[in-house]
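The figures that follow rest on heavy atoms only: side chains count, while hydrogens, waters and symmetry mates do not.
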Amino acid sequence: LRAIVVHFILLSCGAFDNVKEETMSVNANLTRPIWKQFEPENLMGYFSSSEMLQMYHLATTDKLYEKGGLNHALSFRLTALAFKSVDNPSSQVVLSYQPSNMTISLIPVISENGLNVTWLHMGGKVVYTEEIDSDYWYSESYMASTTGSLFSSCVVQSNLFQISNPRYQPFSVYNKESIQEIYPASSSEEFVWQLIKLVNSRGVKITPAILPKKIEIMIYSNNYPSIVNIESEGSSRLDVVSYYRALGLCLQTRKYSYITSLMDFAKYFDCLDDVAYIGLGQSDYLKFNLSSSLMDHVISPGTLPEMKNFKQAISWFDVILIIGIWLLLACGFQRALEKAGLIRHLKKKKLKRASVEDDLAHKHSIEMVEDQTTQKMSEKNEFLLDDEVCKGANVSLVVFNSEDLSFWDESAAEIFPGSDDEIIKM
């Protein structure tokens with residue numbers, strides 16, 4: 001509820017008015033923020049775990065210096081993720097991944113003997129600043145409300161990204177037919193969207209008023225790239241050297257001065273053969289087959305990760321755990337009732353009710369037997385001789401059906417009281 005209220009206030013106050021067009025040119029007098037070296041331990045406790053934060057996607061166009069082949073400045077798009085405290089708006093942190101010292105090498109230096117290549121600047125690193133400078137960032141898009149605890153998770157993820165991507169590599173490799181990424185870039189765009197996916201996977205709903213664009217320099221290939229090492233494979237060394245020598249000649253014929261951005265540089269890859277290389281280090285290279293010309297691809301709007309489906313998130317372990325919890329609750333509830341004496345009272349009441357029902361059933365059974373006996377005696381009396389006639393007789397003959405002999409035995413004494421006469425049963 002608090003996140004919704006904050007979001008509404010931001011919309012009402014025009015917090016998104018500073019979102020500008022992303023085609024904005026580089027400001028020659030642009031003053032860069034004071035970037036600090038990223039150290040996870042310095043940021044882990046920056047916000048308290050329960051502190052409410054606003055998360056922003058930032059973008060700008062800056063310049064970096066290409067040192068190696070072009071030896072001049074290139075414009076490039078830089079993005080970052082910012083966190084600002086709701087209770088203390090001056091408390092801010094901006095995380096970004098950039099080329100080290102804003103310098104990059106797109107072409108290696110080839111040795112005089114033509115057998116070796118050397119990369120002068122390949123490094124990339126995570127940096128941070130403690131201020132959102134609206135003069136520097138031409139796009140500030142509110143993304144979500146989160147907490148200090150999730151900010152700490154982003155700090156951990158930032159450190160992992162820096163370790164996994166020691167080189168700033170701005171090119172992504174995609175399959176031309178399916179438009180599926182088969183090798184990601186290690187750039188500021190990838191860094192920011194990894195953090196957004198992390199926050200989203202933890203249950204934070206991404207609700208930007210204006211969805212930011214994700215811009216990638218895409219290389220289209222029809223196969224998954226392979227990694228070659230020129231130190232262990234002698235033939236690969238010559239192939240790599242020949243490729244970059246030909247690339248340098250291609251760039252010279254089209255004039256280096258025309259290459260003013262990373263997008264411009266990407267256009268020159270396809271002036272060579274169908275096979276291209278991307279340097280991953282001094283010895284490791286990414287080799288792939290080109291299936292189409294390179295292009296600067298804008299995914300607009302940005303691809304937001306899907307919220308985790310609760311049904312898909314439930315496993316058999318979760319089901320067993322839920323059943324176990326319910327059983328524990330049921331046992332605890334039963335013990336509480338026993339302790340209160342309710343169970344014993346209910347059992348005693350049940351036993352008493354059962355005893356009463358048994359007594360009633362027994363009584364009813366006796367009454368039924370007595371009724372049957374009385375009825376039989378009434379039927380037999382119709383066939384007996386009159387008491388007065390039989391008095392003084394020496395022999396009394398009473399004829400009964402064989403089925404009624406048992407009745408005779410039980411009631412003879414009552415029918416003929418005091419008689420010693422022989423009873424003939426037939």
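- Going from atom CG of Leu78 over to atom NZ of Lys63 covers 14.0 Å, rounded to the nearest 0.5 Å.
- Distance check, rounded to the nearest 0.5 Å: CG of Asn175 to CD of Gln180 gives 8.0 Å.
- Between the side chain of Thr103 and the backbone N or O of Asn101 there is at least one donor-acceptor pair closer than 3.5 Å.
- Considering Tyr128, Phe161, Trp193 as possible partners of Tyr97, the one that fulfils the ring-ring contact (aromatic ring centres under 6.0 Å, His included) test is Phe161.
- Between the side chains of Asn223 and Ser221, at least one donor-acceptor pair of N or O atoms lies under 3.5 Å.
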Practice task
Before giving the answer on side-chain contact (heavy atoms from CB on, under 4.5 Å), spell out for Ile278 and Ile219 the whole-Å C-alpha distance, their side-chain angles and the decisive distance to 0.1 Å.
Solution key: CA-CA 11 Å; Ile278 293 178; Ile219 301 172; 3.5 Å; yes
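- Counting only distance, with no hydrogens or angles, the side chain of Ser188 and the backbone of Gln98 share no donor-acceptor pair below 3.5 Å.
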Exercise for the section: Step by step, work out the side-chain contact (heavy atoms from CB on, under 4.5 Å) result for Val155 and Val93. Expected result: CA-CA 11 Å; Val155 171; Val93 173; over 6 Å; no
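- Rounded to the nearest 0.5 Å, atoms CD1 (Ile104) and CG (Leu74) are 8.5 Å apart.
- For the pair Leu286 and Ile227, the minimum side-chain heavy-atom distance is below 4.5 Å.
- Two residues are said to be in side-chain contact when any heavy atoms from C-beta on lie closer than 4.5 Å; His121 and Pro99 fail this criterion.
- Formation of a donor-acceptor pair under 3.5 Å by the Ser242 side chain with backbone atoms of Asp239 is not found in this model.
- For the atom pair OG1 of Thr146 and CE of Met52, the computed distance is 7.5 Å after rounding to the nearest 0.5 Å.
- Atom-to-atom distance recorded for Arg237:CZ and Asn116:CG is 5.0 Å, nearest 0.5 angstrom.
- Side chains of Ser291 and Asn289 form no contact here, defined as non-hydrogen atoms less than 4.5 Å apart.
- Looking only at distances, a side-chain donor or acceptor of Ser96 sits under 3.5 Å from a matching main-chain atom of Thr79.
- Here CE of Met122 is found 6.0 Å from CD of Gln282. Values are rounded to the nearest 0.5 Å.
- Note: Trp119 and Tyr285 have tilted aromatic rings, judged against thresholds of 30 and 60 degrees for the angle between ring planes.
- Proximity of Met143 to Val204: side-chain heavy atoms (C-beta onward) are nowhere separated by under 4.5 Å.
- Gln37 CD: 12 or fewer foreign heavy atoms inside a 6.0 Å radius.
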Problem - Stepwise side-chain contact (heavy atoms from CB on, under 4.5 Å) check, Tyr142 with Gln54 - result: CA-CA 7 Å; Tyr142 172 82; Gln54 298 167 2; 4.0 Å; yes
Handout entry: Full working for side-chain contact (heavy atoms from CB on, under 4.5 Å) between Asp135 and Thr31
Key = CA-CA 8 Å; Asp135 293 332; Thr31 302; over 6 Å; no
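- Listed for the Ser172 side chain is no donor-acceptor partner under 3.5 Å among the backbone atoms of Pro184.
- The closest side-chain heavy-atom distance from Val156 to Pro40 is not below 4.5 Å.
- Ring-plane geometry between Tyr46 and Phe151 is classed as tilted, the angle between the planes lying from 30 to 60 degrees on a 0 to 90 degree scale.
- In terms of modelled atom types and a separation under 3.5 Å, the side chain of Ser105 and the main chain of Lys67 share a donor-acceptor contact.
- A 6.0 Å sphere centred on CG of Leu327 holds more than 12 heavy atoms belonging to other residues, nucleotides or ligands.
- The closest donor-acceptor contact from the side chain of Gln162 to the backbone of Val126 lies under 3.5 Å.
- At a threshold of 4.5 Å between non-hydrogen side-chain atoms, the residues Glu190 and Lys214 count as touching.
- Residues Leu58 and Ala82 share a closest heavy-atom pair of CD1-CB, 3.7 Å.
- Between the side chain of Glu66 and the main chain of Leu106, a donor-acceptor pair closer than 3.5 Å is present.
- Gln92 and Ile132 make their closest contact through OE1-N, 2.8 Å (heavy atoms, listed as atom of the first residue, atom of the second, distance).
- Glu216 has no carboxylate O lying under 4.0 Å from a charged side-chain N of Arg77, or vice versa, which leaves the two without a salt bridge.
- When every heavy atom of Ser134 is checked against every heavy atom of Glu140, the shortest pair comes out as OG-OE2, 2.9 Å.
- Formation of a donor-acceptor pair under 3.5 Å by the Ser75 side chain with backbone atoms of Ser261 is not found in this model.
- A donor-acceptor pair shorter than 3.5 Å cannot be found between the side chains of Asp62 and Thr60.
- Here the closest heavy-atom approach between residue Tyr224 and residue Ile182 is recorded as CE1-O, 2.8 Å.
- Not one N or O on the side chain of Glu231 forms a donor-acceptor pair closer than 3.5 Å with the backbone of Ser283.
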